[in-house]
Protein chains: 4
Amino acid sequence: METETEDLSRRSIGARRNPASQEAILDAAEAVLREGGIAGFSIEAVARRARAGKPTIYRWWPNRTALMLDVYTRFKNARAFPDTGTLRGDLVAFLDNQLLGFWKDSLCGTVYRAVIAEAQSDAGAEEALQAYQADRKQRALVLVERAKARGEVPQDVDAALIIDLVVAYAWHQLLVGHVAQSMGKVEAVVDTVLRGTPGYRA
Amino acid sequence: METETEDLSRRSIGARRNPASQEAILDAAEAVLREGGIAGFSIEAVARRARAGKPTIYRWWPNRTALMLDVYTRFKNARAFPDTGTLRGDLVAFLDNQLLGFWKDSLCGTVYRAVIAEAQSDAGAEEALQAYQADRKQRALVLVERAKARGEVPQDVDAALIIDLVVAYAWHQLLVGHVAQSMGKVEAVVDTVLRGTPGYRA
Amino acid sequence: METETEDLSRRSIGARRNPASQEAILDAAEAVLREGGIAGFSIEAVARRARAGKPTIYRWWPNRTALMLDVYTRFKNARAFPDTGTLRGDLVAFLDNQLLGFWKDSLCGTVYRAVIAEAQSDAGAEEALQAYQADRKQRALVLVERAKARGEVPQDVDAALIIDLVVAYAWHQLLVGHVAQSMGKVEAVVDTVLRGTPGYRA
Amino acid sequence: METETEDLSRRSIGARRNPASQEAILDAAEAVLREGGIAGFSIEAVARRARAGKPTIYRWWPNRTALMLDVYTRFKNARAFPDTGTLRGDLVAFLDNQLLGFWKDSLCGTVYRAVIAEAQSDAGAEEALQAYQADRKQRALVLVERAKARGEVPQDVDAALIIDLVVAYAWHQLLVGHVAQSMGKVEAVVDTVLRGTPGYRA
DNA sequence: TTATAACCGAGACGGTACGTCTAGTCTTTGT
DNA sequence: ACAAAGACTAGACGTACCGTCTCGGTTATAA
């Protein structure tokens, strides 16, 4: 990946989106993030790296957050939501694999930190992140719904609270830079939340 | 407050820090944040507003995060940690009063969001935030220690986990912009965490 | 000239230098010099006046000296080297018209004084001035060469010395602020230098 | 000289100028000029170097030009005006010893270039330089007056023109950085000027 | 003998300008 | 129609000096 060697002669291919450019830009964005971290990430830097014009980037991504989010989802799409048969197993896998474990790879964590940070000051970024979040949360709630169907938890349990607590824990660890240290506590977190859920039966 | 009316004659008072200037700068920083939000916050803008020279700001605050954190702590110092006699009461008050309720005032929340965001890209900011966090966490752990002394929870309970879960929930709600909506869930969150804590007796 | 009235809508005209911007910047530089003199001249002030971004100025002029020299040459190009038929006439015209008389217009003199001053401390400015000087001197030497061809002076006369003495006199008067007073002495200076040149015949 | 070793304990000596401080400041100014050239010369730098407070400098020298001029005259005073018995000898010595030869020492030339440059933009500097110049010119005119008394030149000769031409030549060479190269032309310059003076008899 | 006045070092103050960086927009040229 | 390129306005960044001011302290001279 991110070969950056198509330096020469990536010109227009006529009146349609050039996939090679999009790839090159995403590769460059990833490389810039990998090398300079969040602070070094700028549209300028990506354009330089990709040997692309800034307007080409702005044409397809309205702002840097959208671009970062695209880089992020390129990774994310590789990982599927778990289905272990028990709610505890699902949540442990969710936290361990989709959240903390995924972010432990420095780049993924870096990108997501950047996206969250950006969303605090940029309205467009906040919207993009909320849309992304809503989708993820919807899919996470399914884990609890399945548990309800299996009778592991009562029908009237607050599924959103369970997910929120788990996701919130992961975010917090990410944002204070303690992802690696916190991975040992995954089971304790899930157990605490489940024990605290009224009517839960292991 | 922030009258900004001592416009004239705030000169040097000798080879030492001029408290009037510091006040004026913090007032201006607060006003800029209040009016322009995080995105509009810049050292330039604060200097203009405070009728202060940029170097005066840089002399005392190494970066904008330090300045924002100072604005934040000016508010924070007003609120005391709770002591209600029960762990549940303490945690509810902590979450309700020190975290979510405190941030609900738009400015406090705005400032803290900005600080967290800044800490994701700036090393100095990260350090400053971590120092601040460590101190706050230390003081929050006391709530659990008192509960241990009272026999509400066993001696071997993981106090840090309890605090982390509560704080993490608050951060997450802050960062996704759901502070107001989440205040109704304060008791549910605390109850879930406490019920999930082995050996807890109400 | 220097109308400064195209205030609005001077955007980019594509991937090439925008002549309108260059004109506006030179006009602004001239206006700033006219109003504030050398001391008030700064890139910042020119950018403000021209409604141009600082980087646009730095893109095309490496330093303020280069910009001032450009303002200067815009005037200079208007005046042609003299050809009166006699060396005395040429030198008088040169001193009277190209040097002192040209500088008497307050702005031209001001600009050239600034350029010379700048060249004393800035390496780039020194280089720029030397290049300009070398060109001017070359063209001034032609006056003497023509006189040699006419037999007014011997072939072995030190042409550079003649030009140097005349130019030096003008510089000195400029730099001590005596341009106006010295214009009455033009003929005396030229006569002294020519009488002192061995083999000169009027 | 300029030992800079009285580092400690140079306090006030009562309600009068402390000569040690003045010496230290002049030494520091000289050292700063020697090391950083004109561009590196600033009141801040001198104060740092001299371990003196800025107000102490401003108390005794109204601006940097006055300070530079003081550094310059500290050297200058060492050299006496010549008296060789002939006007030609005097002028050659004047040009060779007081002007070009004096400036050839890099520091003296550097300082004087700086003073001249400063005088182009700063009113105070211009005044100071003019005062200095007037004094020097007065003393140089004496050379010609003595020649008149000896009958070398007629009484009605324009003494100022002779001095101006010689001084102007030296300035020009200084300002274009050709001091060293021009020293071989001293006699040619003086001879040209004198031959061009009506009624001059060697 | 005691004030007092001017000096000294130090360094903070409000400012201005520096030269660099990035944002996001615009237009031309070339596929 | 779209890509590439790069210029454009705009403005923040962090630094260096400017010249002024007040401080705390020192010391010679005037009262």
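Atoms considered below: every heavy atom in the structure, side chains included; atoms not considered: hydrogens, waters and symmetry mates. Letters A, B, ... mirror the listed sequences (proteins, then strands); counts begin at 1. Model, not experiment: these values are computed from the prediction.
The phosphate of E:dA12 has neither OP1 nor OP2 within less than 4.0 Å of any side-chain N or O from B:Thr56. The shortest distance between the side-chain N/O atoms of A:Arg59 and the OP1/OP2 oxygens of F:dC2 is not below 4.0 Å. OP1 and OP2 of E:dA12 both lie 4.0 Å or more from every side-chain N or O belonging to B:Trp60. Between F:dA12 and B:Arg48, a contact under 4.0 Å exists linking OP1 or OP2 to a side-chain N or O. Within the structure, a side-chain polar atom (N or O) of D:Gln22 is placed less than 4.0 Å from OP1 or OP2 of E:dC8.
Atom CZ of B:Arg49 and atom P of E:dG14 are 16 Å apart (whole Å). The interatomic distance linking B:Ile57 (CD1) with F:dT15 (C1') rounds to 14 Å, in whole Å. Across the protein-nucleic acid pair, A:Glu44 atom CD and E:dT20 atom P stand 15 Å apart, rounded to whole Å. For A:Glu118 and E:dA23, the CD to C1' distance is 12 Å, given to the nearest whole Å. We find that CZ of B:Arg10 is positioned 12 Å from C1' of E:dG15, with the value rounded to whole Å. We find that CH2 of C:Trp61 is positioned 13 Å from C1' of F:dA7, with the value rounded to whole Å. The distance between atom CG of A:Leu67 and atom P of E:dG24, rounded to the nearest whole Å, is 12 Å. Here the C1' atom of nucleotide E:dA23 and the CG atom of A:Asp122 are 12 Å apart, to the nearest Å.
The listed nucleotides are E:dA23, E:dC13, F:dC8; the one nearest the side chain of C:Ser21 is F:dC8. Distances were taken from every side-chain heavy atom of C:Ile43 (C-beta onward) to each of F:dA5, E:dC18, F:dT15; the shortest belongs to E:dC18.
Note that CG of A:Leu33 and CG of A:Leu67 are 8.0 Å apart. Values are rounded to the nearest 0.5 Å. With rounding to the nearest 0.5 Å, the separation of CD in D:Glu118 from CD in D:Glu126 is 11.5 Å. Atom-to-atom distance recorded for C:Met68:CE and C:Leu129:CG is 10.5 Å, nearest 0.5 angstrom. The OG1 atom of C:Thr56 sits 11.5 Å away from the CD1 atom of C:Ile43 when rounded to the nearest 0.5 Å. The distance from atom CD of B:Glu23 to atom CZ of B:Arg74, rounded to the nearest 0.5 Å, is 5.5 Å.
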Please list each protein N or O that sits under 3.5 Å from an N or O in nucleotides 21-31 of chain F, with the distance.
residue, atom, partner, partner atom, Å
F:dT26, O2, D:Ser12, OG, 3.3

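Along DNA chain E, the nucleotide closest to C:Phe41 and the one closest to B:Ile25 are compared, and the more 5′ of them pairs with B:Ile25. With DNA chain E read from its 5' end, the first of the two nearest nucleotides for C:Tyr58 and B:Asn18 is the one closest to B:Asn18. Residue-to-nucleotide proximity on DNA chain F shows that, of D:Ala45 and A:Gly53, the 5′-proximal contact is made by A:Gly53.
Taking the screw axis at each terminus of the helix from E:dT1-F:dA31 to E:dT31-F:dA1 from five consecutive base pairs, the angle between the two is 10° to within rounding of 10 degrees.
Within 6.0 Å of CD in A:Glu127 there are 12 or fewer heavy atoms belonging to other residues, nucleotides or ligands.
For the pair C:Leu175/D:Gln120, a side-chain contact is recorded, criterion being any heavy-atom separation below 4.5 Å from C-beta on.
Ring geometry for A:Tyr72 versus A:Tyr112: interplanar angle under 30°, hence parallel rather than tilted (30 to 60°).
Put simply, the side chain of C:Arg64 gets close to the backbone of C:Phe41: a donor and an acceptor are under 3.5 Å apart.
Within the cation-pi definition used here (under 6.0 Å to the ring centroid, within 45° of the axis), C:Arg16 does not qualify as a partner of C:Trp60.
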